[in-house]
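Let me begin by presenting the structure, written as structure tokens, before commenting on it.
Heavy atoms only: backbone and side chains are in, while hydrogens, waters and symmetry mates are out. One-based numbering along the sequence shown. Fair warning: this is a prediction, and the values are worked out from it, not measured in the lab.
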Amino acid sequence: MSVAILWFFLLVCGGYMIAARRVHNDRSRVFFAVFAWASSYALLQKMFFMLREGDIQDYYYVLPLRELFFGQLCRYLFALYPLEVARPGWLTFRRWMLFVIPWLLVMAGYGLFLGFYQTPLRSFDDLLLHIDRPDVWVRILLLLFMFPVEFVWTWGYNARRSSAGRSWLWRMTLMLLLIAVAFVGNMLTRSVGWRSFHSFVYLCYALYVMYVELFVRIPVPACQTEDTSSAPDIPVPAETASSPVVPGRLEQEIRLVMEQQQLWREPDLMLDDLVQRVGSNRTYVTASIQEMGYTGFKDYLNRLRVDYIRRQLLEARHEKMQSLFYDAGYRSRSSAWRNFTAIVGCSPSEFEERNRGESTV
């Protein structure tokens, strides 16, 4: 029953992602749809073979080659969505193949030299007993490919050119590792507990992605995806990067970095980043921000972002509201909406409608 529920849910998720892609023209959603449909097909195959086997116990052999193959295929399709979100446009077919080729070579070698023969392993003890057989240790080698190696987020990740922050990336990495561990545990033990855990983590991942796509993530605007190399980086002033700031000038330095150089556009900006840029410490910087009339760093940051959004709405210099949130440094629609409403007193759409009504009078 749990397998059937997961199969149906993945089928629906894939359909939604394709439909949503037409609205935002986001390639990552197509990648997730491909993964969801491939996973649903693999689950359908699993249910079919479970019903077809003459002896149902034969299906629960340890390290079954059929599930290893489909699991690995889904695992590599699995990588497409987070990689595209983290680095829009970077993932090409050639680069994806660089990750897949080692697995393909091992599979080809298995078929060429072993003819896809697999020693029946009815338990983990059987696996240890036959560990010296070539097909057994090759299957174990295939199992190791489940663990992600391409999700090294430091490989050229730039928060200003991505639609996800570092917190999203770390949560995604954790989910991928949990699914890999659950799959390995299921393949090595074939126990009900590991199978249930694998299905549960899989379902949680799909639910999380759907939640993010429905309520949180702001897709990269079309103008950004066409030429991501043109996004300007904020320069680090040499005089503030290497020398301490005189306390009397700290407020001036903070305003220079935050307001004139627009450091608030950085999606993952933290207090420590500002402290490093002005060459001071957290206590002095926090005190200076409070002397400027703000409750703290977060209040200062959000007010700068909201002021930018408000001015753009007044001047009607935007095409889509989400693109405006993206330019302001937000990567979450709910955060942008919540902060704007709390500071301005009305939602962005209400503010825009009110301004449009006043301009026509």
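Ring geometry, His198 versus Tyr202: the interplanar angle exceeds 60°, so the pair is classed perpendicular (tilted spans 30 to 60°). By the 30° and 60° cut-offs, the orientation of the rings of Trp337 relative to Phe325 is perpendicular.
Panel note: side chain Arg195, backbone Arg190; a donor-acceptor pair is recorded below 3.5 Å. Side-chain atoms of Arg75 come within 3.5 Å of backbone N or O of Phe145 as a donor-acceptor pair. Here the side chain of Asp135 pairs a donor or acceptor atom with the backbone of Thr119 at under 3.5 angstrom. Between the side chain of Trp194 and the backbone N or O of Phe183, no donor-acceptor pair lies under 3.5 Å. With hydrogens and angles ignored, the 3.5 Å screen pairs a side-chain donor or acceptor of Arg139 with a backbone N or O of Leu63. At least one donor-acceptor pair closer than 3.5 Å links the side chain of Arg95 to the backbone N or O of Trp90. Within the 3.5 Å criterion, the main-chain N or O of Val62 finds no donor-acceptor partner in the side chain of Arg122. Between the side chain of Asp273 and the backbone N or O of Met270, at least one donor-acceptor pair lies under 3.5 Å. Put simply, the side chain of Arg331 never gets that close to the backbone of Asp268: no donor and acceptor are under 3.5 Å apart. Side chain of Trp264 to main chain of Arg305: no donor-acceptor pair is present (N/O by atom type, distance under 3.5 Å, no hydrogens or angles).
Nearest heavy atoms, Ser163 versus Arg217: OG-NH1, 2.6 Å. Taking both residues in full, the closest heavy atoms of Leu10 and Ser39 are given as CD1-CB, 3.6 Å, listed atom of the first, atom of the second, then distance. Minimum heavy-atom separation, Leu269 to Lys298: O-NZ, 4.5 Å. Closest approach of Cys346 to Phe340, counting heavy atoms only: O-CD2, 3.3 Å. Between Gly14 and Ala33, the shortest heavy-atom contact is O-CB, 3.5 Å.
When ring centroids are compared, Tyr205 and Tyr208 stay outside the 6.0 Å threshold.
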Which is it for Leu80 and Phe32 under the side-chain contact (heavy atoms from CB on, under 4.5 Å) test, yes or no, and what are the steps along the way?
CA-CA 7 Å; Leu80 299 178; Phe32 184 82; over 6 Å; no
Candidate pair Arg27 and Leu91, rule side-chain contact (heavy atoms from CB on, under 4.5 Å), full reasoning:
CA-CA 10 Å; Arg27 192 173 69 154; Leu91 187 63; 4.2 Å; yes
Is there a side-chain contact (heavy atoms from CB on, under 4.5 Å) between Tyr110 and Leu65? Walk through the geometry before answering.
CA-CA 10 Å; Tyr110 193 115; Leu65 192 59; 3.9 Å; yes
side-chain contact (heavy atoms from CB on, under 4.5 Å), that's the test. Do Leu11 and Trp37 meet it? Break it down for me.
CA-CA 6 Å; Leu11 206 62; Trp37 285 340; 3.9 Å; yes
I'd like to know whether Glu67 forms a side chain to side chain donor-acceptor pair (under 3.5 Å) with Tyr61, so could you lay out the CA-CA distance, the side-chain angles of the two residues, the decisive distance to 0.1 Å, and finally the verdict.
CA-CA 11 Å; Glu67 282 200 48; Tyr61 283 158; over 6 Å; no
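At a threshold of 4.0 Å, the pair Glu350-Arg354 does not count as salt-bridged, since none of the basic side-chain nitrogens sits closer than that to a carboxylate oxygen. Ion pairing of Arg265 with Asp327 is absent here, as no side-chain N (NZ or NE/NH1/NH2) approaches a carboxylate O to less than 4.0 Å. Using a 4.0 Å cut-off between a side-chain N of Lys or Arg and a carboxylate O of Asp or Glu, Asp307 and Arg311 qualify as a salt bridge.
Atom CZ in Phe124 sits 9.0 Å away from atom OG1 in Thr189 (nearest 0.5 Å). Once rounded to the nearest 0.5 Å, the distance linking CD of Gln72 with CG of Leu144 reads 9.0 Å. If you take OG on Ser335 and OH on Tyr330, they are separated by 7.5 Å, rounding to the nearest 0.5 Å. To the nearest 0.5 Å, atom CD1 of residue Ile179 and atom SG of residue Cys204 are 9.0 Å apart. Atom CG of Leu250 is separated from atom OG of Ser280 by 4.5 Å, given to the nearest 0.5 angstrom. From Arg87, atom CZ reaches atom OG of Ser28 across 15.0 Å, with rounding to the nearest 0.5 Å.
More than 12 heavy-atom neighbours from other residues, nucleotides or ligands sit within 6.0 angstrom of OH on Tyr308. The number of heavy-atom neighbours closer than 6.0 Å to CZ of Phe116, taken from other residues, nucleotides and ligands shown, is above 12.
Geometric assessment of Arg29 against the ring of Tyr81 yields a negative cation-pi assignment under the 6.0 Å and 45° thresholds.
Following chains of ILVMFWY side-chain contacts shorter than 4.5 Å, one can reach Val212 starting from Phe215, so the two form part of one hydrophobic cluster. The hydrophobic clustering, which links ILVMFWY residues whose side-chain heavy atoms are closer than 4.5 Å, places Leu77 and Leu98 apart. Residues Leu143 and Tyr117 do not share a hydrophobic cluster, clusters being chains of Ile/Leu/Val/Met/Phe/Trp/Tyr side chains in contact below 4.5 Å. Under a hydrophobic clustering in which Ile, Leu, Val, Met, Phe, Trp and Tyr are joined whenever their side-chain heavy atoms come within less than 4.5 Å, directly or via other members, Leu174 and Leu83 fall into the same cluster. When hydrophobic clusters are built by joining Ile, Leu, Val, Met, Phe, Trp and Tyr residues whose side-chain heavy atoms come closer than 4.5 Å, directly or via intermediates, Leu105 is grouped together with Ile140.
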